[in-house]
Amino acid sequence: MTANAPPTPTTDPERRTTDDHGHDLVSPLQAAILTVSTSRAEADGDVDDPGGDRVESLFEDAGHRVVDRRLVADSVGGIQRALDDLLDDDTVDLVVTTGGTGATADDVTPDAVADRVDRELPGFGELFRKLSYEEIGPRTIASRATGGIARDTPVFVLPGSTNAVELATEAIILPEGPHLVGLATRHLID
């Protein structure tokens, strides 16, 4: 698939394979990025989004592609509407959100996403915080990064900082994403 080719559904047999152990894989991945930031969403003109930009560049550098990007304010309803659109798109293999995972009252991304998750992936948040602890120490306890499967689509909820999205994307999402998407959607092709 070339970068200019239209996205294909996750069930596309051209992107579905198995690894040496017979595990389902989907590759190249077609990801969506949902940035949650009231200050960016309400800004006039061009908006910088270093966390979202970094996720996109990491996916592209790994041979995957980003097929949709959205920017919404820190509100449960806005996050859920954008997420619903992405989950209803059969060409979106997985969703990465950035921002709104801290301990302040307006950090509502994990709460908004939790209402859409069918199956939690507690190991994602646990592993992210373990790896993050190695970089920032006990401040990692304020992170509510999480993951889950929503409508057969893996969703990863990340902090907005460039360092955090880089760590999660490089160490966890990119290595495990193709297999996780394969597992989450295997029943659609069996």
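Position 1 is the first residue of the sequence; numbering continues from there.
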Under a 3.5 Å distance rule, please check whether [X] uses its side chain to pair with a backbone N or O of [Y] as donor and acceptor.
| X | Y | answer |
| --- | --- | --- |
| D48 | P50 | no |
| T169 | E166 | no |
| H64 | L29 | yes |
| R15 | P9 | yes |
| R65 | Q30 | no |
| D107 | T104 | yes |
| R129 | S143 | yes |

Minimum heavy-atom distance [X]-[Y], with the two atoms named:
| X | Y | result |
| --- | --- | --- |
| G100 | D74 | CA-OD1, 4.0 Å |
| R40 | S37 | N-OG, 3.2 Å |
| A82 | V72 | CB-CG1, 3.8 Å |
| F59 | A31 | CE2-CB, 3.8 Å |
| G63 | P28 | O-CB, 3.3 Å |
| A112 | I79 | CB-CG2, 3.6 Å |

- F156: partners by ring pair (Phe, Tyr, Trp, His ring centres under 6.0 Å), with sequence neighbours left out: F124
Heavy-atom side-chain proximity of [X] to [Y] below 4.5 angstrom:
| X | Y | result |
| --- | --- | --- |
| V95 | L83 | yes |
| D85 | R70 | yes |
| R116 | V155 | no |
| L34 | V96 | no |
| H179 | L183 | yes |
| H23 | R186 | no |

- T10: which of T185, D89, D152, D93 passes side chain to side chain donor-acceptor pair (under 3.5 Å): D93
- Message: With a 6.0 Å cut-off (strictly less than), is the heavy-atom count around CD of E120, excluding the residue itself, greater than 12?
- Response: no
- Message: With a 6.0 Å cut-off (strictly less than), is the heavy-atom count around CZ of R81, excluding the residue itself, greater than 12?
- Response: no
- Item | V47: hydrophobic cluster co-members (side-chain, 4.5 Å) | L71
- Query: Who are the salt bridge (Lys or Arg N to Asp or Glu O under 4.0 Å) partners of D88, not counting sequence neighbours?
  - Reply: R151
- Could you walk me through whether K130 and E126 pass salt bridge (charged side-chain N to carboxylate O under 4.0 Å, His left out), step by step? CA-CA 6 Å; K130 177 191 179 297; E126 294 163 1; over 6 Å; no
- Task: Check whether I172 and L25 end up in the same hydrophobic cluster, where Ile, Leu, Val, Met, Phe, Trp and Tyr are linked by side-chain heavy atoms less than 4.5 Å apart.
- Result: no
